[in-house]
Amino acid sequence: MLATEAIPALDLASIRAQFPSLAQTVNGHPATFLDGPGGTQVPQSVIDAISNYLAHDNANTGGGYATSRHTDAMIAEARAAMADFLHCAPDEVAFGPNMTTLTYAMSRAIGRDLKPGDEIVVTRLDHDANVSPWLAMAEEKGVTVRWAEIHEADCTLDLADLAAKINSKTKLVAAGYASNAVGTINPVKEIVRLAHAAGALAYIDAVHYSPHGLIDVAALDCDFLVCSTYKFFGPHMGVLFGKREHLERLRPYKVRPNTNAIPNRWEWGTLNHECIAGITACVEYIADLGRYARGNEEENVGTAAPGCPSSEARSTATTTRGANETGITERRAAIQAAYAAIHEHERGLLERMMAGLKKIPSLKIYGIADPARFHERCATLAIRIEDGNPNHTPLQLATQLGERGFFTWDGNYYALNLTEQLDVEKSGGFLRIGLVHYNTAEEVDRLLTALREIVGD
């Protein structure tokens, strides 16, 4: 978090004006987007970047003519933007259709080096995209899978159990940064430390964490981290960070004409160029939030402590793109400031929502509900109404809220192991309410009123 005495408030009116979709209505009600965990809305700048690319520069890469050269330059700029977003080097950033596809591809490459008797660790808390690829690889290679369990009372990862499952045979630990179902933020740096202490790789799914908190792969020292830009106000694309040494050492499954240079060897076929253009725009949108929050006060640039890059390459990359004396680029410093402001805003929304939910009869909250521990969770809430009323299932609640203009999710959200563990899978999973920085206190209050009307006081 940015080290300032007072974190400026977000200018919500200005922010919301940048998102065309937020002006919609449903049955005469204002549309209230609480479905961010499934995909956030996008600002006009992202829409413009995508359409402008298609209008002016639509071409394949590597050509000797103008639009192809423009496409090459656009992709390079998107890598630089994501390098600032993640705090890594541009050649450690690979693009793909989504996090799931990237993880399946990387699991196959990592699996080339594994053999029967080797072990991997996955968790009960994760989205299945960070579970099934490893299960499939393990089945093919005869690798043993160990499961890290959870504390059911607060839906947190049992770190002691995870540590006990890691041993000298462990080759990889796959864990999520934050739970997409219940909002738990995992102690990722400690998980990475435990994996490395055993000589294992650490593969982190940051898809759900990315709109809520600052990501710093250099500070985490993780080997791989994946995220999806459509979860942080961008287009439907996936992004993989991999340490350079791993991207060079591992052998991808790829077509022969594709280069062996990184990161391109990890990208197959023609990429979605228009969406990659949108990636730069979404990172710039976040950076602009931070620039506003800083008020362009130069003395605040680079005052955060994000962790120094762990390799000479990462240090070189950050100091050659407008970096200050700390080795942090201006854009990276702005991103830090943005997430400090986002965190404060979402914390207020979370406190307001949690207090209101606790007053609704028969409502059960899954996950951390103690305000003193809100630093261990993000503003994603999973609830159920446990009064036996068939009109109060997660699906029925989501449908009735939808008719009032509130967009929420029901089901398991692909966190299948968690819903099965908590014995809610067969009865519809959860109702999930997801808050992000463009949501308002007024929206929280209207949702709470609607829930009370549906459930009854």
Side-chain angles (χ1 to χ4, degrees), residues 1-3 82-89 92 99 103 120-127 130 146 148-151 154-167 170-180 182-227 232 239-246 303-311 314-315 318 326-328 332 335-336 339-340 342-343 347 367-368 373-378 380:
M1 181 176 295
L2 198 70
M82 281 307 304
D84 282 342
F85 185 82
L86 299 172
H87 196 203
C88 65
E92 294 176 309
M99 172 270 179
T103 302
I120 60 175
V121 177
V122 296
T123 88
R124 301 282 182 195
L125 197 58
D126 271 54
H127 187 290
N130 203 26
R146 303 289 183 193
E149 304 297 340
I150 65 168
H151 299 293
D154 60 5
C155 297
T156 57
L157 190 62
D158 187 336
L159 198 61
D161 183 67
L162 182 141
K165 299 293 173 60
I166 299 173
N167 57 59
T170 306
K171 303 303 178 184
L172 178 133
V173 177
Y177 210 138
S179 167
N180 72 305
V182 295
T184 305
I185 298 174
N186 287 324
V188 174
K189 192 167 185 177
E190 177 63 10
I191 293 170
V192 172
R193 188 194 68 79
L194 290 169
H196 287 176
L201 298 172
Y203 193 97
I204 305 302
D205 170 9
V207 170
H208 188 68
Y209 185 74
S210 56
H212 304 293
L214 181 72
I215 298 173
D216 189 335
V217 296
L220 293 175
D221 197 30
C222 55
D223 300 286
F224 303 95
L225 182 142
V226 278
C227 58
F232 53 94
V239 179
L240 167 76
F241 156 78
K243 285 184 176 178
R244 176 182 287 111
E245 52 265 37
H246 300 318
T303 56
C308 293
S310 58
S311 70
R314 277 188 276 281
S315 178
T318 55
T326 66
I328 304 299
R332 175 67 185 178
I335 292 167
Q336 293 168 349
Y339 276 106
I342 286 170
H343 173 80
R347 174 64 182 257
I368 296 168
R373 295 179 61 201
F374 279 178
H375 62 283
E376 300 176 48
R377 67 164 302 142
C378 53
T380 302

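Index from 1, following the sequence. Because the structure is a prediction, the values reported are computed rather than measured.
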Quick one: [atom1] on [X] to [atom2] on [Y], what's the gap to the nearest 0.5 Å?
X: Asp205; Y: Cys227; atom1: CG; atom2: SG; answer: 9.0 Å
X: Ile166; Y: Asp161; atom1: CD1; atom2: CG; answer: 10.0 Å
X: Leu220; Y: Ile191; atom1: CG; atom2: CD1; answer: 10.0 Å
X: Asn186; Y: Leu157; atom1: CG; atom2: CG; answer: 5.0 Å
X: Ile335; Y: Leu214; atom1: CD1; atom2: CG; answer: 8.0 Å
X: Leu240; Y: Met82; atom1: CG; atom2: CE; answer: 10.5 Å

Pairwise side-chain contact, [X] with [Y], heavy-atom cut-off 4.5 Å (strictly under):
X: Leu159; Y: Glu190; value: yes
X: Ile328; Y: Gln336; value: yes
X: His196; Y: Asp223; value: yes

Side chain to side chain contact (heavy atoms under 4.5 Å, CB included) between Arg373 and Asp154, worked out: CA-CA 11 Å; Arg373 295 179 61 201; Asp154 60 5; 3.1 Å; yes
For residues [X] and [Y], report the shortest heavy-atom separation together with the two atoms involved.
X: Ile342; Y: Pro211; result: CG2-O, 3.8 Å
X: Ser210; Y: Phe232; result: OG-CD2, 3.2 Å
X: Ile204; Y: Cys222; result: CG1-CB, 3.9 Å
X: His208; Y: Ser179; result: CD2-O, 3.1 Å
X: Cys155; Y: Thr184; result: O-OG1, 2.6 Å
X: Ala174; Y: Thr123; result: O-CG2, 3.6 Å

Please determine whether side chain to side chain contact (heavy atoms under 4.5 Å, CB included) holds for the pair Leu201 and His246, giving the CA-CA distance in whole Å, both sets of side-chain angles, and the decisive distance to 0.1 Å. CA-CA 10 Å; Leu201 298 172; His246 300 318; 3.6 Å; yes
Run the side chain to side chain contact (heavy atoms under 4.5 Å, CB included) check on His212 and Thr380 step by step: do they pass? CA-CA 10 Å; His212 304 293; Thr380 302; 4.0 Å; yes
Expected output: side-chain [X] to main-chain [Y] donor-acceptor under 3.5 Å:
X: Arg332; Y: Phe85; result: yes
X: Thr170; Y: Ala200; result: no
X: Arg377; Y: Ile368; result: yes
X: Glu92; Y: Phe241; result: no

Can you list the steps and then say if Asp221 with Arg193 is a salt bridge (charged side-chain N to carboxylate O under 4.0 Å, His left out)? CA-CA 8 Å; Asp221 197 30; Arg193 188 194 68 79; over 6 Å; no
Val173, Asn130, Val192, Leu225 screened by side chain to side chain contact (heavy atoms under 4.5 Å, CB included) with Tyr203, the one that passes: Asn130
Might you work through the side chain to side chain contact (heavy atoms under 4.5 Å, CB included) test for Val182 and Leu125, ending with a clear yes or no? CA-CA 9 Å; Val182 295; Leu125 197 58; 4.2 Å; yes
